[in-house]
Amino acid sequence: MNLLGKLLILFISAALINNIVFMRFLALCPFVGMSTQIEVSLGMGAAVTFVMVMASVVTFFVYYYILVPLNLLFLRTIAFILVIAVLVQLVEMVIRKFSPNLYKAMGIYLPLITTNCAILGVTLLNINYGHNLIEAIVYALGVSLGFTIALILLASIRERLSYSDIPNFWQGYPIVFITAGLLALIFLGFQGLAH
Amino acid sequence: MKEFFKYLINGIFKENPVLVLMIGLCSVLAVSTTVENAIGMGLAFSFVMIFSNLFVSSLRPIIPNNIRIPIFIVVIATFTTIVDLIISAYFPELYKALGIFIPLIVVNCIIIGRAEGFAYKHNVVESLADGVGISIGYIWAIVALGLIREFLGSGTVLDKVIIQSFNPAKVFSMPPGAFWGIALLMGILKWVQQKISRR
């Protein structure tokens, strides 16, 4: 198979078949917390996409050009989380300086992203799967698209749920998780789309 | 002593990190496919949780206030790496089952939340009580979910068949079952709380 087709399959499998939220259970905190309105979910999705791609690129170089030559593989987790924390701070400062409008739209989500397990998860998965730089970028893009889709789906259902009559003890989070379970059932249908 | 038990109990029910505060859900949902995995994950989490609380509270006087969060992260990441290496060396099968979720203990919001919200403001003994309490709260939540999913999904508990004629529904071992299981647990807890407060 040619390179482009391979990348396309990687992208689709990251976005739909192995959806980060429904199949891998990463990034559940923002998934539950940020999915009350569609607009908020879009902002969070954009911020995550941005940081995830940047983090994938930077950790790729940190891992293959610093940790591997120095034989410091056991420092992987510490190094990656520090890189991500610094990166988020840096991105926040740059955006605030150069584009106040973008900062207003994305600013409140950026600090939250440091402890978003999807970012660290994707950088670790990139290493586990042995992705090269281009594959790592495509994978990060696919994962963040999947995350954004999941957020928007749940947000649009929740906007309607707020008008429905739900038994007292199912209100709030329990009904959100039942909805998420049904969405996960739908995403199970994507299994077998590609091998 | 009374204080000690107050903080211990607090983490188990009133501030149960998983079912009440709703943080650190990722590992709970992902790893609770069987009771065995759930117990393994619970113990790995407890190790990092308790030692992070102990270290943060005892280093309290020398941690500069401005850079406390990066220091917490480094402390937590160190203990996570220790757990990661221990499990991969002595329990290779568990290591395979838990996979990426061991290194991801670093970004577990419960641990950093307790470091910032509790250990940084309390002494060593109180932080120990809090760490143990939160750990027990985490373990019972993840094991309860593991019990539900393993029984409904494959009809067994700890690999033993419980009811011969029971026909398991595979979907409970798969991702949707995790969401429904946790919704069920949260719903039950909420229902019980409402019953108690109405009395």
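Order of the sequence lines sets the chain letters (A, B, ...), proteins ahead of strands, with each chain counted from 1.
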Check: For the atom pair CG (A/L75) and OG1 (B/T81), what is the distance rounded to the nearest 0.5 Å?
Finding: 7.5 Å
Note to self: Quick check for you: to the nearest 0.5 Å, what is the distance between B/I73 atom CD1 and A/I84 atom CD1?
What the structure shows: 9.5 Å
Next item on the list: Identify the residues of residues 92-101 of chain B whose heavy atoms come closer than 4.5 Å to a heavy atom of chain A, ordered by number, or report 'none'.
Entry: B/I100, B/F101
Next item on the list: Identify whether B/I12 and B/F118 are in the same connected component of the hydrophobic contact network (ILVMFWY, side-chain heavy atoms under 4.5 Å).
Entry: no
Note to self: Take a 6.0 Å sphere around CZ of B/F5 and say whether it holds more than 12 heavy atoms from other residues, nucleotides or ligands.
What the structure shows: no
Item checked: Point-to-point distance, once rounded to the nearest 0.5 Å, from CD1 of B/I105 to SG of A/C117 -> 12.0 Å
Note to self: Heavy-atom count check: over 12 atoms from other residues, nucleotides or ligands less than 6.0 Å from A/L4 CG?
What the structure shows: no
Checklist line | Close approach to chain A in residues 168-185 of chain B, criterion heavy atom under 4.5 Å | finding: B/V171, B/M174, B/P175, B/P176, B/A178, B/F179, B/W180, B/I182, B/A183, B/L184
Check: Is it the backbone or the side chain of A/L182 that comes under 4.5 Å from a heavy atom of chain B, or both, or neither?
Finding: both
Checklist line | ILVMFWY cluster, B/M41 and B/L147 together (side-chain gap under 4.5 Å) | finding: yes
Check: Does A/V32 belong to the same Ile/Leu/Val/Met/Phe/Trp/Tyr cluster as A/L161, with side-chain heavy atoms less than 4.5 Å apart forming each link?
Finding: yes
Margin query: Counting heavy-atom pairs closer than 4.5 Å to chain B, which one of A/P167, A/A27, A/A184 comes out on top?
Written below: A/A184
Margin query: Heavy-atom cut-off 4.5 Å, strictly under: side chain, backbone, both or neither for A/L183 against chain B?
Written below: neither
Notebook entry, point to check: Who among A/T179, A/N128, A/L185, A/I186 has the most heavy-atom pairs with chain B under 4.5 Å?
Noted result: A/L185
Checklist line | Nearest-0.5 Å distance, CD1 of residue B/I76 to CD1 of residue A/I81 | finding: 9.5 Å
Check: Minimum heavy-atom separation for A/L28 to B/C26, with atom names?
Finding: N-SG, 3.5 Å
Note to self: Taking the side chain as everything from C-beta on, heavy atoms only, tell me whether B/I82 gets closer than 4.5 Å to A/F74.
What the structure shows: no
Next item on the list: Mark yes when over 12 heavy atoms from residues, nucleotides or ligands other than A/I134 sit less than 6.0 Å from its CD1; otherwise mark no.
Entry: no
Next item on the list: Kindly compute the distance separating CZ (A/F177) from CE (B/M186), expressed to the nearest 0.5 Å.
Entry: 4.5 Å
Check: Linking Ile, Leu, Val, Met, Phe, Trp and Tyr by side-chain heavy atoms under 4.5 Å, what else ends up with A/V94?
Finding: A/F98
Margin query: Does A/F60, at its CZ atom, have more than 12 non-hydrogen atoms belonging to other residues, nucleotides or ligands within less than 6.0 Å?
Written below: yes
Notebook entry, point to check: Do other residues, nucleotides or ligands put more than 12 heavy atoms under 6.0 Å from the CH2 atom of B/W191?
Noted result: no
Note to self: Can you give me the closest heavy-atom contact between B/P103 and A/L120, atom names plus distance?
What the structure shows: O-CD2, 4.2 Å
Next item on the list: Using modelled atom types only, decide if a donor and an acceptor are shared between the side chain of B/K190 and the backbone of A/Q171 within a distance under 3.5 Å.
Entry: yes
Next item on the list: Could you please state which residues from residues 62-69 of chain B sit under 4.5 angstrom from chain A, measuring non-hydrogen atom to non-hydrogen atom, sorted by number, or 'none'?
Entry: none
Check: Are A/I38 and A/V48 connected in a single hydrophobic cluster, I mean Ile/Leu/Val/Met/Phe/Trp/Tyr linked by side-chain heavy atoms less than 4.5 Å apart?
Finding: no
Next item on the list: Report whether B/I9 and B/I139 are members of the same hydrophobic cluster (ILVMFWY, side-chain heavy atoms less than 4.5 Å apart, transitive linking).
Entry: no
Check: Looking at A/P174 and B/G187, what are the two nearest heavy atoms and their distance?
Finding: CG-N, 3.9 Å
Notebook entry, point to check: Would A/F80 and B/V107 satisfy side-chain contact (heavy atoms from CB on, under 4.5 Å), going step by step from the backbone distance to the final call?
Noted result: CA-CA 11 Å; A/F80 280 18; B/V107 280; over 6 Å; no
Note to self: So A/Y173 and B/L19, do their side chains get closer than 4.5 Å, heavy atoms only?
What the structure shows: no
Checklist line | B/L29 side, atom CG; A/R24 side, atom CZ - distance, nearest 0.5 Å | finding: 15.0 Å
